[in-house]
Amino acid sequence: MITLTVNGERVSRHVDPRRHLIDFLRLDLGLTGSHAGCEHGVCGACTVRVDGEIVRGCLVLAASLDGAEVTTIEGLSDSGEVADLQANFVARNAAQCGFCTPGMIMTAADILAHQKDATRAEIREHLAGNYCRCTGYQAIVDAVEATLEARR
Amino acid sequence: MKWPAMTYHRATSLADVWAAFAAHGPSVTILAGGQTLLATLAFRLSEPGMLLDITRIPELRGITLQGQVLRIGALTRHVELGRDLLVRQHAPLLAQAVPHIAHPAIRNRGTIGGSLAYADPAAELPACAVALDAVVVAASTAGERRIPASAFFTDLLQNALAPGEIIVAVEIPIQPSLAAIDEVARRSGDYAMAGLAAAMRVHDGRVVAPRLVYFGVGRGPVLAGAACRALEGRPLTAESIAAAQAALTTDLDPPQDLHGPSEMKRHLARVLTARVLNAWLRPTEMAA
Ligand SMILES: Cc1cc2nc3c(=O)[nH]c(=O)nc-3n(C[C@H](O)[C@H](O)[C@H](O)COP(=O)(O)OP(=O)(O)OC[C@H]3O[C@@H](n4cnc5c(N)ncnc54)[C@H](O)[C@@H]3O)c2cc1C
Ligand code: FES
Ligand code: FES
């Protein structure tokens with residue numbers, strides 16, 4: 001039995017030790033915004049926040065999260081923290097099929113929060129662990145850069 | 001693939017670890033950051049009976065200066081290594097290695113203890129540990145045992161830990177030295193195709209105790225003895241650097257892998273040697 005906070009709500013559940021955080025969120029809690037892509041740490045589609053820091057949800061055991069605070073793309077969107085970033089994603093067509101988008105936004109939010117002066121090269125570096133098979137990345141980097149500039 | 005069936009237990013003290021080993025023996029697998037272990041579970045490369053989570057054990061945390069040694073707890077995450085002031089001051093090579101390791105989300109969880117224990121030949125921290133002449137502190141019910149990093153990585157993904165032992169810390173001797181790391185990887189954050197962690201001192205214009213450690217080119221981190229001898233006691237010049245590069249033919253016999261053939265890897269090692277050592281040419285010449 002684990003008790004944790006997900007997007008500000010307290011949740012208690014029995015979890016099988018073989019459940020990773022993304023399956024827990026998607027299958028047990030119905031929060032399908034976080035995506036499971038490769039499920040071995042390579043693609044970044046599963047990026048969520050645990051205790052304020054971004055992690056690969058597919059490389060975290062749900063059973064290990066007793067007492068943790070988890071924020072998913074649903075919680076981040078509802079908080080309004082990245083409304084401007086999301087508007088810039090739409091404006092620049094930085095989401096096409098959208099599979100990578102929740103992970104991209106979670107990772108980009110990390111840049112907005114911690115690296116306010118990030119250069120274009122630093123944005124690319126920070127996003128380098130998040131794969132996108134559609135956009136070619138240019139529009140994504142543009143959207144993050146525009147958001148950073150507008151916030152300065 | 002989904003993970004195999006297994007049990008999970010959270011240890012909150014070293015005593016819990018010893019009790020789990022006593023009760024369940026070899027079916028216990030230590031879980032630290034999980035950034036390698038959980039990825040291998042997805043491939044069913046390992047099927048542990050029980051995962052023993054050590055991340056809540058306070059004795060495995062913390063970075064402290066103890067006399068002439070910087071002691072880094074096994075649970076120190078890559079992200080912490082990169083920003084810790086003591087590390088930046090006394091073992092800057094480790095901080096410099098961090099941006100080369102994986103990606104931010106992985107660096108937020110992966111630990112130095114896990115990286116050393118896993119002993120990936122292409123990993124940065126094992127090579128840095130050998131370059132800095134670090135000591136791995138292992139513990140078991142019998143107490144602590146100190147293993148020089150140069151003897152710790154015994155073979156491909158193999159380490160010198162005995163059954164029932166875990167890594168509790170790594171100790172870095174503090175000495176004024178030049179140290180740098182560089183690597184060639186296909187994409188930022190990938191494991192290196194070839195890399196070099198180097199440390200040395202310069203005394204009266206001559207190289208003292210050079211340690212050139214290559215990664216991604218062998219069955220573990222490779223301390224290049226012949227290349228080091230080519231530098232030892234000589235001024236650092238274009239000639240001595242060329243001699244070190246030439247000596248790599250003796251030192252390195254890289255297995256061919258999916259990145260390419262041996263000779264390509266040896267070529268990359270020579271390129272990295274020049275990149276790292278050339279950057280130190282001026283201070284040496286000034287000291288001479
Ligand atoms: C996509 C991706 C890219 C990566 N790229 C790189 C890279 O470029 N360079 C790099 O170096 N690493 C890379 N890594 C691996 C990462 O650095 C891991 O964090 C690290 O190798 C293992 O640390 P961990 O704490 O996650 O260990 P875990 O995954 O928890 O454990 C790894 C192994 O070590 C054992 N272990 C862990 N802690 C201890 C201990 N204290 N005592 C004894 N045994 C222990 C475990 O039983 C297990 O066998 C990458 C990982 C991923 C998923
Ligand atoms: S699903 Fe986690 S990194 Fe791909
Ligand atoms: S928009 Fe399709 S993968 Fe990125």
Side-chain angles (χ1 to χ4, degrees), chain A residues 1-2 15-24 27 36-68 103-104 106-111 113-115 118 121-131 137, chain B residues 1-12 29-57 77-80 82-83 98-111 114 118 185-191:
Chain A
M1 182 80 152
I2 54 165
V15 283
D16 190 330
R18 62 190 291 218
R19 208 44 140 202
H20 58 57
L21 174 55
I22 296 306
D23 279 351
F24 175 70
L27 306 177
C38 66
E39 291 186 86
H40 61 262
V42 173
C43 74
C46 62
T47 309
V48 295
R49 275 187 197 159
V50 172
D51 295 328
E53 292 178 317
I54 52 166
V55 303
R56 302 286 213 217
C58 72
L59 296 183
V60 176
L61 251 86
S64 72
L65 290 178
D66 192 41
M104 283 291 178
M106 295 301 301
T107 307
D110 206 49
I111 306 177
H114 302 296
Q115 271 188 284
E122 286 165 343
I123 295 169
R124 282 192 170 277
E125 176 63 28
H126 207 86
L127 294 173
N130 289 68
Y131 289 4
Y137 302 101
Chain B
M1 218 184 295
K2 296 300 176 187
W3 295 339
M6 58 199 175
T7 60
Y8 168 83
H9 182 75
R10 179 187 277 179
T12 55
T29 299
I30 299 289
L31 173 69
Q35 301 304 288
T36 293
L37 180 58
L38 298 177
T40 62
L41 288 187
F43 290 108
R44 301 282 174 105
L45 289 173
S46 51
E47 298 217 10
M50 177 203 269
L51 290 185
L52 185 62
D53 183 346
I54 60 170
T55 57
R56 306 295 171 102
I57 303 179
R77 297 173 298 140
H78 306 327
V79 63
E80 294 166 328
R83 65 181 180 218
V98 168
H100 292 290
I101 306 173
H103 308 287
I106 293 168
R107 298 198 287 264
N108 282 340
R109 295 233 127 195
T111 67
Y118 191 63
R186 272 186 200 273
R187 288 164 302 209
S188 169
D190 279 9
Y191 275 103

ask   = Pick from A:R124, A:E125, A:H126: which one makes a side chain to side chain donor-acceptor pair (under 3.5 Å) with B:S188?
value =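 Passing option: A:E125.
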query = Counting heavy-atom pairs under 4.5 Å to chain B, which of A:V50, A:D23, A:N130 comes out on top?
reply =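 When all of A:V50, A:D23, A:N130 are compared, A:D23 has the most.
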Could you state the interatomic distance from [atom1] ([X]) to [atom2] ([Y]), rounded to the nearest 0.5 Å?
| X | Y | atom1 | atom2 | answer |
| --- | --- | --- | --- | --- |
| B:L38 | A:C58 | CG | SG | 8.5 Å |
| A:H40 | B:T40 | NE2 | OG1 | 11.5 Å |
| A:D16 | B:K2 | CG | NZ | 12.0 Å |
| A:S64 | B:R56 | OG | CZ | 7.5 Å |

query = Quick one: does A:Y131's side chain get under 4.5 Å of B:R187's, heavy atoms only?
reply =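 Side-chain contact under 4.5 Å: yes.
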key: Which atoms of A:L61 approach chain B - backbone, side chain, both or neither, heavy atom under 4.5 Å   =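 Contact with chain B is through both the backbone and side chain of A:L61.
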Which pair of heavy atoms, one from [X] and one from [Y], lies closest together, and at what distance?
| X | Y | value |
| --- | --- | --- |
| A:V55 | B:R109 | CG1-NE, 3.7 Å |
| A:G41 | B:I106 | O-CD1, 3.7 Å |
| B:P4 | A:R18 | O-CB, 3.5 Å |

Check whether [X] gets within reach of chain A through its side chain, its backbone, both or neither, counting any heavy atom under 4.5 Å.
| X | result |
| --- | --- |
| B:L41 | neither |
| B:T7 | backbone |
| B:L51 | side chain |
| B:N108 | both |

Modelled atom types, side-chain donor and acceptor of A:R19 and B:Y8, under 3.5 Å =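 No, no side-chain donor-acceptor pair sits under 3.5 Å.
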Salt-bridge criterion met for B:R107 and A:E53 (N-O under 4.0 Å) =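 A:E53 and B:R107: not salt-bridged.
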